[in-house]
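Reading through the structure tokens given below for one structure.
Both counts, for ligands and for their atoms, begin at 1 and track the order of listing.
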Amino acid sequence: MSHDLFAAARAAMAKCYAPYSKFPVGASLRTEDGRVYSGGNIEVASYPEGWCAETTMLGHYVMGGGGEIAEICVVAEKMDLITPCGGCRQRLAEFAAPGTKVYLCDQTGIARTITMAELLPLGFQGDTLR
Ligand code: THU
């Protein structure tokens with residue numbers, strides 16, 4: 001069932017724009033109501049201006065209407081079991097619940113499942129800013 005999420009992340013990875021690092025990454029998520037959003041990393045010649053696959057994915061998700069996130073999947077062509085960077089952990093935690101499943105992948109599929117809370121324990125929460 002979750003293999004389609006891996007396929008979506010792989011398809012997004014194939015569309016990444018990473019001419020500088022040559023390190024393609026893909027990410028995908030499924031909402032509780034079954035919508036799938038994905039993204040690849042996008043780099044810029046002024047290196048710090050590029051952004052991660054997870055961030056592209058979240059942009060699509062928010063513009064697609066947002067909602068509860070059931071599962072997230074991340075894959076990298078050159079790194080098995082890649083985990084989202086620190087900044088993306090914070091961005092993911094903005095929209096995912098502590099119990100949201102996060103799938104870490106090798107080149108054939110989902111290799112490990114963790115939760116959002118495991119990915120970002122003790123993360124900063126914006127509740128008091130609202
Ligand atoms: N990258 C991601 O897209 N997601 C991550 O979780 C880690 C890193 C990208 C950013 C950059 O385009 C390339 O990988 C090398 O850092």
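Remark: the Ser28 side chain and the Arg10 side chain contain no N/O donor-acceptor pair separated by less than 3.5 Å. Side-chain atoms of Glu43 and Ser21 form a donor-acceptor pair, as typed in the model, at a separation below 3.5 Å.
A distance-only check finds a donor-acceptor pair linking the side chain of Lys22 to the backbone of Pro19 [under 3.5 Å].
Scanning for side chain to side chain donor-acceptor pair (under 3.5 Å) contacts around Asp33 gives Thr31, Arg35, with sequence neighbours left out.
Listed here is the closest heavy atom pair of Asn41 and Val25: OD1-N, 3.0 Å.
Annotation for Leu122: atom CG does not count as buried by contact number, only 12 or fewer foreign heavy atoms lying within 6.0 Å.
Under 4.0 Å from any atom of ligand 1, one finds heavy atoms of residues Ser21, Phe23, Val25, Asn41, Glu43, Cys52, Ala53, Glu54, Thr83, Pro84, Cys85.
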